[in-house]
Amino acid sequence: MRLSRYFMPVLRETPKEAEIVSHQLMLRTGMVKQASAGIYSWLPLGYKVLMKIDRIVREEQNRAGAIEVLMPTIQSADLWRQSGRYEAYGKEMLRIADRHDREMLYGPTNEELITAIFRDGIKSYKDLPRNLYHIQWKFRDEVRPRFGVMRGREFLMKDAYSFDLTPEAGRLSYNRMFTAYLRTFARMGLKAVPMAADSGPIGGDMSHEFIILADTGESQVFCHKDLIEGAVPPIDTDYDGDLSPIIQRWTSLYAATDEKHDAAKFDEQVPKDKQVSARGIEVGHIFFFGTKYSEPMGCKVQGPDGQKIVVQMGSYGVGVSRLAGAIIEACHDAAGIVWPVPVAPFEVGLINLKAGDKDTDAAANDLYAKLEAAGIDVLLDDTDERAGGKFATMDLIGLPYQLIVGPKGVKAGEAEIKVRKGGARETLPMDAALAKVVAAVKAKRMLA
RNA sequence: CGGGGCGUAGCUCAGCCUGGUAGAGCGCUUGCUUUGGGAGCAAGAAGUCGCGAGUUCGAAUCCCGCCGCCCCGACCA
C-alpha cells in the first residue's frame, strides 16, 4: 500500500476522551473512530489488525477441530424465553421491537441460539462430539463503556460451543479449547496465563480465564514465574490425542486474579523468587456448564440404549476486538505501538525520505515492488512530508520493520533497516537490506 | 445506577466568574526558503460557541430544560 493513496488519519495530539494508552494510540494512529459511546468504526489500519487477529483465532479453532458457523446479531426474544434468560438478563441486553412489534434483541451471547441449532440438527449420539464456533459482533449495553475497544458496548467475539455425551467427554472438549487458546495467544506475541475462574453452576475446575500480561492491565494478577515462560503446545499438537499433560502443566502452578488471590496460599506454593505479581487483561474465558442450556431447551440425543441423553455443553470465548487493544497495552513504548509481526497492520514500513527525487523514488519503488513480490505486507510512505514527520508517524503506527531509503543512501547503494522493537538500526547494501527484512518478517510470522 | 466533570475551528485548549457580538497553538491551503528524527518566513481558509426555550438593548458568558461525551465507584469479555 502506498501511504499517498491510503486512508490513515493520524492525530498529532491525543484526544482527551482517551484515558488508557491503547485507546489513545488507536485513536492517534487512525485505527478506529468512535461512533458513539462504546461503539467504534474500524478504519483501514485498525481493520487490518482486527482481521489478522480474527484469522489467527480461526486457524487455531479449526486446527482444534471446531467447525465455523455464523449466527445472526439479531435474535428473537422467544428463544431466550426458552432458557429463562430473557427476563433474567437485565438492562445490558439491548431489546428491540421490529415493525410487527415482535420482541427482538441484539445478541449479547449465543448459547440459546447455538443450542437450538444443534438440537434441531442432530438425531443420535453418533453425532457427538461436536464443537461449533462463530466470530460475530455482539452488543452489551454496558452502563459505562470505557477503555476504547477494550470495553466497548459493541465488540467482536469468537464463541465456541462444545457438545458432548458425558461430562468426561466434555472435559476432553474443554482441554482441546484450552490447548488451542495457549497457541492462539502465543501466536499473537502475547504471554497468556490461564487462571482458574468461577466455574458457574457446575463447579469443579472447568473454568479458566486467559490473562495476558501488560503493565497497564486492568487487574492485578499473581502467578508462578514458570507459567509466563511456559512451553506453548506445538503446531503439530494432536488434538485427538491425550492433552491432559499440557493442561496439567499449565494448571498445576499457582495463578490467580486479585479477586481469587489467596496471599497465604501464594506464599506457601510459590517460592519467593518465583512469585510474580503483575497487571493483566482478560482476553479469553472458557467454561464447562453441562446441561444449563441443553436441559431447559431440550437438547437431547438418543443413546445406544435408546435412552435420551441431555447434551453436555461448554463455551469458549475470545475477545477479538478487545485483543486489538490488549495487544497494544502489552506492546508499546513512548513513541507508539510496537506490533508483533503476526498482528501488525503491515509487516514493513518502507520510507522514501525524499519523495519527488528521481533516484530515491526509483530505489523506493524498486524495493516496494520486490517486497510485494516476496509476499510482504508493506506500507510505502511516498508522501512529501518531511523526514522527521515520517519517522515519527512510522514509529507511532508501530510497523515491526522500517526500511529507510534516502538520497544519501541511494547514492551509496544502501538502505537502512530499523527494528521498531528496541530501535536497532543497520545500514546495508540495497539487496542485502531487502533480503534481511524479508527473512526477518518470515521468521516471525508464526510465533508458535 | 450513585458521585464528579466537560461540550468553543480538524486536534489540544483559552475566553464564561465580572454579558458588549470569538481567540491561541498545532494541523490544513498557497508561495518562497529548507530537507536523514515532527523546519522558517509570508499570505490565507476554517467555528449556527452541543440543542431548545428564557432573562436582557445585547448571551459563548446568566437562568431553566434536553442531548451528547468523559472520569471515579458498582458491574463486566
Side-chain angles (χ1 to χ4, degrees), chain A residues 9-20 23-24 27-28 30 33-40 57 89-93 107-110 135-160 181 197-198 207-212 217-219 257 259 280-287 315-326 334-336 351-357 360 364 381 383-396 402-412 414-416 418 423 425 427:
Chain A
V10 302
L11 303 173
R12 194 155 173 174
E13 286 170 276
T14 303
K16 65 172 173 178
E17 73 260 25
E19 195 69 10
I20 61 165
H23 191 195
Q24 294 173 345
L27 292 173
R28 283 198 61 201
K33 173 148 175 69
Q34 180 166 317
S36 64
I39 302 178
Y40 294 84
V57 170
Y89 213 89
K91 289 195 160 184
E92 289 195 347
M93 182 149 82
T109 182
N110 293 75
I135 299 175
Q136 177 63 291
W137 293 94
K138 299 184 162 192
F139 194 92
R140 287 184 197 166
D141 199 359
E142 296 281 344
V143 196
R144 191 187 157 210
R146 65 183 110 173
F147 304 151
V149 301
M150 298 255 290
R151 186 154 165 218
R153 292 194 290 172
E154 187 183 53
F155 52 97
L156 188 61
M157 267 202 87
K158 186 282 297 184
D159 280 288
Y181 277 30
D198 282 327
S207 179
H208 288 87
E209 291 179 358
F210 283 74
I211 308 277
I212 64 161
E218 59 194 348
S219 54
T257 54
E259 59 262 31
I281 301 168
E282 182 184 350
V283 290
H285 195 165
I286 62 178
F287 50 101
S315 90
Y316 315 89
V318 170
V320 175
S321 52
R322 163 175 268 215
L323 268 165
I351 302 178
N352 178 340
L353 279 180
K354 192 165 184 178
D357 177 81
T360 312
D381 186 345
T383 64
D384 57 8
E385 201 188 346
R386 306 170 57 77
K390 292 190 177 194
F391 289 131
T393 298
M394 203 54 89
D395 283 351
L396 178 68
Q402 296 173 15
L403 194 50
I404 301 160
V405 182
K408 291 176 194 168
V410 168
K411 202 161 283 179
E414 293 174 335
E416 182 179 336
K418 174 174 165 181
R425 297 194 230 177
T427 300

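Letters go in sequence order (proteins before strands), and every chain restarts at 1.
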- Task: Output yes when A/K138 and A/D159 qualify as a salt bridge under the 4.0 Å nitrogen-oxygen rule, no when they do not.
- Result: yes
- Pair assignment for B/rG36, Watson-Crick or G-U wobble, requiring both distances under 3.5 Å: none
- N/O (side chain, A/K390) to phosphate O (OP1/OP2, B/rG37) under 4.0 Å: no
- Task: Would you indicate which nucleotide in B/rA77, B/rG37, B/rU35 comes nearest to any side-chain atom of A/R386?
- Result: B/rU35
- Ring-base stacking, A/F155 with B/rA77 (5.5 Å, 30° cut-offs): yes
- Query: Could one point to a donor on the side chain of A/R12 or the base of B/rU12 with an acceptor on the other under 3.5 Å away?
  - Reply: no
- Item | Between C1' of B/rG73 and CZ of A/F147, the distance in whole Å | 12 Å
- Scan every strand shown for a Watson-Crick or G-U wobble partner of B/rC41, both distances under 3.5 Å, and answer none if you come up empty. B/rG31
- Item | Note: A/E385-A/K390 ion pair, threshold 4.0 Å (strictly below) | no
- Message: Please pick, from B/rA77, B/rC11, B/rC69, the nucleotide with the shortest atom-to-atom distance to any side-chain atom of A/P15.
- Response: B/rC11
- Message: What's the closest nucleotide to the side chain of A/A392 if the choices are B/rG38, B/rG36, B/rC69?
- Response: B/rG38
- Query: In the structure shown, which nucleotide is the Watson-Crick or G-U wobble counterpart of B/rG7, with both distances under 3.5 Å?
  - Reply: B/rC67
- Task: Specify the residue among A/R425 and A/R322 whose closest nucleotide of RNA chain B lies further upstream toward the 5′ end.
- Result: A/R425
- Please determine, for the side chain of A/E19, which listed nucleotide (B/rC71, B/rA74, B/rG37) has the closest atom? B/rC71
- Note on the structure: Between CD of A/E385 and P of B/rG36 the distance, given in whole Å, is 13 Å
- Distance (rounded to the nearest 0.5 Å) between A/T360 OG1 and A/L353 CG: 8.0 Å
- Span that lies between the C1' atom of B/rU48 and that of B/rA59, in whole angstrom: 14 Å
- Distance test, side-chain N/O of A/Q34 to OP1/OP2 of B/rC70, below 4.0 Å: yes
- Query: In whole Å, what separates the P atom of B/rC75 from that of B/rA9?
  - Reply: 38 Å
- Message: Expressed as a whole number of angstroms, how long is the span from A/R153:CZ to B/rC70:P?
- Response: 9 Å
- When you check the gap from the basic side-chain N to the acidic O, do A/E17 and A/R146 get nearer than 4.0 Å? no
- Would you mind pulling out the nucleotide paired to B/rG73, Watson-Crick or G-U wobble, both distances under 3.5 Å? B/rC1
- Check the distance between B/rG10's P and A/R28's CZ and give it to me in whole angstrom. 19 Å
- Let me know the distance between CD of A/E142 and P of B/rA74, rounded to the nearest Å. 14 Å
- Would you give the length of the straight line joining atom OG of A/S219 to atom CD of A/E282, rounded to the nearest 0.5 angstrom? 8.0 Å
- Message: Can you measure A/K91 atom NZ to B/rC76 atom C1' for me and round it to whole angstrom units?
- Response: 17 Å
- Item | CZ-CZ distance between A/R151 and A/R140, expressed to the nearest 0.5 angstrom | 10.5 Å
- When A/E209 and A/E17 are each assigned the nearest nucleotide of RNA chain B, the 5'-most assignment goes to A/E17
- Message: When the P atoms of B/rA74 and B/rG68 are compared, how many Å lie between them, rounded to an integer?
- Response: 25 Å
- Message: Please determine whether any donor N or O and acceptor N or O are separated by less than 3.5 Å between the side chain of A/R144 and the base of B/rC70.
- Response: no
- Item | Inter-nucleotide P distance (B/rC64, B/rU18), Å rounded | 15 Å
- Could you measure between the two P atoms, the one in B/rG15 and the one in B/rG50, and give it in whole Å? 15 Å
- Item | Of the listed nucleotides B/rC70, B/rG36, B/rA77, the one nearest the side chain of A/A37 | B/rC70
- Note on the structure: Picking from B/rG36, B/rA77, B/rG73, the nucleotide nearest the side-chain atoms of A/A387 would be B/rG36
- Watson-Crick or G-U wobble mate for B/rU56, both contacts under 3.5 Å: none
- Item | A/Q24 (side chain) donor-acceptor with A/A18 (main chain) under 3.5 angstrom | yes
- Query: Ignoring hydrogens and angles, are the base of B/rG27 and the side chain of A/E13 linked by a donor-acceptor pair under 3.5 Å?
  - Reply: no
- Using the P atoms only, state how far B/rC32 lies from B/rC13, rounded to an integer number of Å. 36 Å
- Item | Gap in Å between the two C1' atoms, one belonging to B/rG7 and one to B/rA60, rounded | 11 Å
- Message: Any strand counts, and the cut-off is 3.5 Å on both contacts for Watson-Crick or G-U wobble. Which nucleotide pairs with B/rG47?
- Response: none
- Message: From C-beta outward on A/K16, which listed nucleotide comes closest to its side chain: B/rC69, B/rC6, B/rU35?
- Response: B/rC6
- Nucleotide B/rA77, atom P - distance to CZ of A/R146 in whole Å: 13 Å
- A/G317 near the nucleic acid: base, sugar-phosphate alone, or nothing, with a heavy-atom cut-off under 4.0 Å? nothing
- Compare all side-chain heavy atoms of A/I351 with those of A/K418 and state whether any distance is below 4.5 angstrom. no
- Task: Rounded off to whole Å, could you give me the CG-to-P distance for the A/L353 and B/rG38 pair?
- Result: 13 Å
- Message: Tell me which nucleotide, if any, is Watson-Crick or G-U wobble paired with B/rC16 when both distances must be under 3.5 Å.
- Response: none
- Interatomic distance at C1', B/rC66 relative to B/rA53, whole Å: 10 Å
